[in-house]
Amino acid sequence: MTNEDDGRVTAESERERGAAPDGGAIAGADPGAGSEPAPLDPEAGLATAEYAVATVAAVGFAGLLIAVLKSDTVRGLLETIISSALSV
């Protein structure tokens, strides 16, 4: 076995125990192999639900805005504003 092989074996054993070659921890490594898994976060997925509620509210507001803008009163008001702006 060469020195290169020794380095690889050492790195593999450090990875298995969750240590980086510089002595730090390796992300995603399980330092307590065989221990109980970490409890799930009770707020996991909460941001997704908030985005869904905000999206539904935005769609509802857009529908209301379209209905208002299609009304005859608003259409006449917009035509008056545009025609007065173009006649200046």
Side-chain angles (χ1 to χ4, degrees):
M1 189 189 296
T2 66
N3 287 341
E4 184 179 310
D5 291 335
D6 290 337
R8 185 172 44 244
V9 171
T10 303
E12 288 173 359
S13 63
E14 287 175 348
R15 193 175 308 115
E16 288 172 3
R17 64 184 176 98
D22 63 358
I26 295 178
D30 184 15
S35 64
E36 289 187 29
L40 295 177
D41 182 11
E43 295 183 5
L46 195 58
T48 303
E50 291 170 355
Y51 284 125
V53 170
T55 301
V56 169
V59 168
F61 183 71
L64 180 65
L65 186 61
I66 289 172
V68 168
L69 290 177
K70 282 189 171 185
S71 69
D72 291 335
T73 305
V74 175
R75 184 174 293 183
L77 182 63
L78 289 174
E79 286 176 0
T80 303
I81 292 171
I82 292 171
S83 63
S84 67
L86 293 177
S87 66
V88 172

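Atom set for the values below is all heavy atoms of this structure, side chains included, hydrogens, waters and symmetry mates excluded.
Around CG of Asp72, the count of heavy atoms belonging to other residues, nucleotides or ligands within 6.0 Å does not exceed 12. Other residues, nucleotides and ligands contribute at most 12 non-hydrogen atoms within 6.0 Å of the CG atom of Leu40.
With values rounded to the nearest 0.5 angstrom, Leu78 atom CG is found 10.5 Å from Ser83 atom OG.
With sequence neighbours left out, Ile82 forms a side-chain contact (heavy atoms from CB on, under 4.5 Å) with Leu86.
When every heavy atom of Arg75 is checked against every heavy atom of Lys70, the shortest pair comes out as NH2-O, 3.9 Å.
Tracing side-chain contacts under 4.5 Å through hydrophobic residues (I, L, V, M, F, W, Y), one reaches Leu65 starting from Val74; they form part of the same cluster.
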